[in-house]
Amino acid sequence: MAGHPHDSTELRKARGAFFTPEPLARYVTDWAVRSAHDHVLEPSCGEAAFLVAAGRRLTALGATGDLAGQLAGVEVHAGSVAAAVGHLHTAGYRAEIAVADFLAGAPAAAYDVVVGNPPYVRYQAFSGQARAVARGAALRGGVALTALASSWAAFTVHAALHVRTGGRLGLVLPAEMLTVNYAAPVRDFLMRAFARVRLVLFSERVFPGVLEDVVLLLAEGRGLAPTDHCELVQTRNAATLAEPTDAPVRRWNPEVGERWSRALLPPDAARAYAAALAGPGIVPLAAWGETTLGMVTGNNAFFAVSGAAARRQGLRPQDLIRLSPPGSRHLRGLELTTARLEELDASGKSTWLFRPEGAPSATGRRYIAAGEAVGVDGAYKCRVRTPWWRTPYLPPADLLLTYMNADTARLCTNTAGVHHLNSVHGVYLRREVRALGRELLPIAALNSVTLLGAEVVGRAYGGGVLKLEPREADRWPMPAVDLVAARAGALRGVRAAVAEQLARGAVFAASRLVDAALWPESDDPPRGSSGRIDGVAAPVDEMAGGPEFEALRRGREALHDRRRARSRSP
């Protein structure tokens, strides 16, 4: 559909308007509209893609006339309303379209069908009165949204409140609804509010010129009963959408509050992963110890210095503590040794932190004065602490965890005993497993279950980066202590070969060696009682080269590739 002549791409983007491709609008509407007597609402209707599709569907079901009492819309942009009225007139239909902010109105459960494509405004641009209105709208549905929520979240809840008992909701939503933390209450709301929830997932992007992936939410049976499972339909793109009754459907039972990343897995990978988690051989990282954020300086350029810079400034030992340099590129092996730290220092990396514990040396005092002269003490983290130049202390961690990753998250033994900044996390192992974990957990964590688990519990950020926060790292699946202890000899045996693969950047080749060491052909591999998808028992009952492990690897690759695809222009 053509845009309004005074409605630019920039203006549409600012209000989150991305007009829907016709195949998506038709698919959602054909699923949702089931009777010639259905009343249909398209909130934030733009140029009425869903209302036009609904008119055609109602006519096909036997409705007659211009449908003036059955089609309704709401749209904040008057120019789009004019275009919508024109498109409906051309198609032979009339609709009541209000020029208003949909979220500002009180909900009325007056429609058999609510369909549409909510505006997508990220939290950075979604502020002030607009955010207050949106949060109020969500609260009417019992959903409390955080300040990080994008506009679609409140819209989804508010749209559901307009559906009559037994009615249907069909929306085009950003795929982040499956994975972001702020969407958890929205996901739980949908499971409570509808008797049946279906998601249609795409392996390719379907909006031309837009990097954001989307999913189709198809929810029915408003207010009849809660559901404990989702139905998942996978397809390639808008052109491959099947008729609603023809697509193969998978069943998935998410836990309350759980991120829905697993919905994106291929079915065999989902079954194998669920089975591995259910078995005794896999535990969350929290079972090994505690993960924490690193130290925050307020100005790394001032506080983190190389050995050469420290010597030029005349800084004394009492002014400095040893540091893992900012960033995590140097933590892609199995351990950070003192020798490796010296190599990093020789190459100019910042391996020292200016942090006098007691009184600074005379040269340390001059360094502090130089920082004050250029305003370092005015940085927020500096000005709220006393003295401003003493970074809050954390003891050296047992393991360092990379949390911004292109390939996958890593654990690295802190053999050098250095401190760490907030560009990595620290893992402090429980005393009784400390020796074993320091020696072998970084290599054991390279197995296929754990690598897939990083994609599931982590979050994809701009540029395709995988990020794990401490709370997410706590849930990261790891080999259990008993398993690592039992397979210690085998893990030591492949250590050199794994280190060689990591040095070449071949982390996934290294993973195969680790799988074989943890679950060799002669031993019983990890077993689970049953997968949770499709209700099919799916123990990981093959050796590391068997079909279940291959399914895990394909699953990791699918999520990895999906994440990385976001960094490429369409």
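For clarity, every value in this text was computed on a predicted model and none was experimentally measured.
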Across all chains, not counting sequence neighbours, the side-chain hydrogen bond (donor to acceptor under 3.5 Å, both in side chains) partners of Arg385 are none
Just jot down the side-chain hydrogen bond (donor to acceptor under 3.5 Å, both in side chains) partners of Thr291, sequence neighbours excluded, or say none.
-> none
Short question: side chain of Asn414, backbone of Ala397 - any donor-acceptor pair under 3.5 Å?
-> yes
In short, salt bridge (charged side-chain N to carboxylate O under 4.0 Å, His left out) pairs touching residues 274-293 with sequence neighbours left out are none
Please list every donor-acceptor pair under 3.5 Å in which a side-chain atom of residues 432-439 meets a protein atom from a residue at least two apart or in another chain.
unit_1	atom_1	unit_2	atom_2	d
Glu432	OE2	Arg430	NH1	2.1
Arg434	NE	Asp398	OD1	2.5
Arg434	NH2	Asp398	OD1	2.9
Arg438	NH1	Asp398	O	3.4
Glu439	OE1	Arg492	NH2	3.1
Glu439	OE2	Arg492	NE	2.6

Which residue pairs pass the salt bridge (charged side-chain N to carboxylate O under 4.0 Å, His left out) test with at least one member in residues 408-424, sequence neighbours excluded?
-> Asp407-Arg410
Residues which pass side-chain hydrogen bond (donor to acceptor under 3.5 Å, both in side chains) with Asn300, listed by chain and number, not counting sequence neighbours | Thr297
Sequence-distant partners of Tyr393, ring pair (Phe, Tyr, Trp, His ring centres under 6.0 Å), two or more places apart | His419
Sequence neighbours left out, what passes salt bridge (charged side-chain N to carboxylate O under 4.0 Å, His left out) with Glu335? Give chain and number order.
-> Arg495
With sequence neighbours left out, write down each residue that passes side-chain contact (heavy atoms from CB on, under 4.5 Å) with Ala286, or none if nothing qualifies.
-> Asp474
Can you list the residues that meet the side-chain hydrogen bond (donor to acceptor under 3.5 Å, both in side chains) rule with Arg236, with sequence neighbours excluded?
-> Glu204
Would you say Thr235's side chain and Thr240's backbone share a donor-acceptor pair under 3.5 angstrom?
-> yes
Taking 4.0 angstrom as the limit, do Arg322 and Glu342 come out as a salt bridge?
-> yes
What pairs meet the salt bridge (charged side-chain N to carboxylate O under 4.0 Å, His left out) rule with one or both residues in residues 343-354, with sequence neighbours excluded?
-> Arg340-Glu343
With sequence neighbours left out, the residues meeting ring pair (Phe, Tyr, Trp, His ring centres under 6.0 Å) with His425 are Tyr403
Glu550/Arg512 ion pair, N-O < 4.0 Å | yes
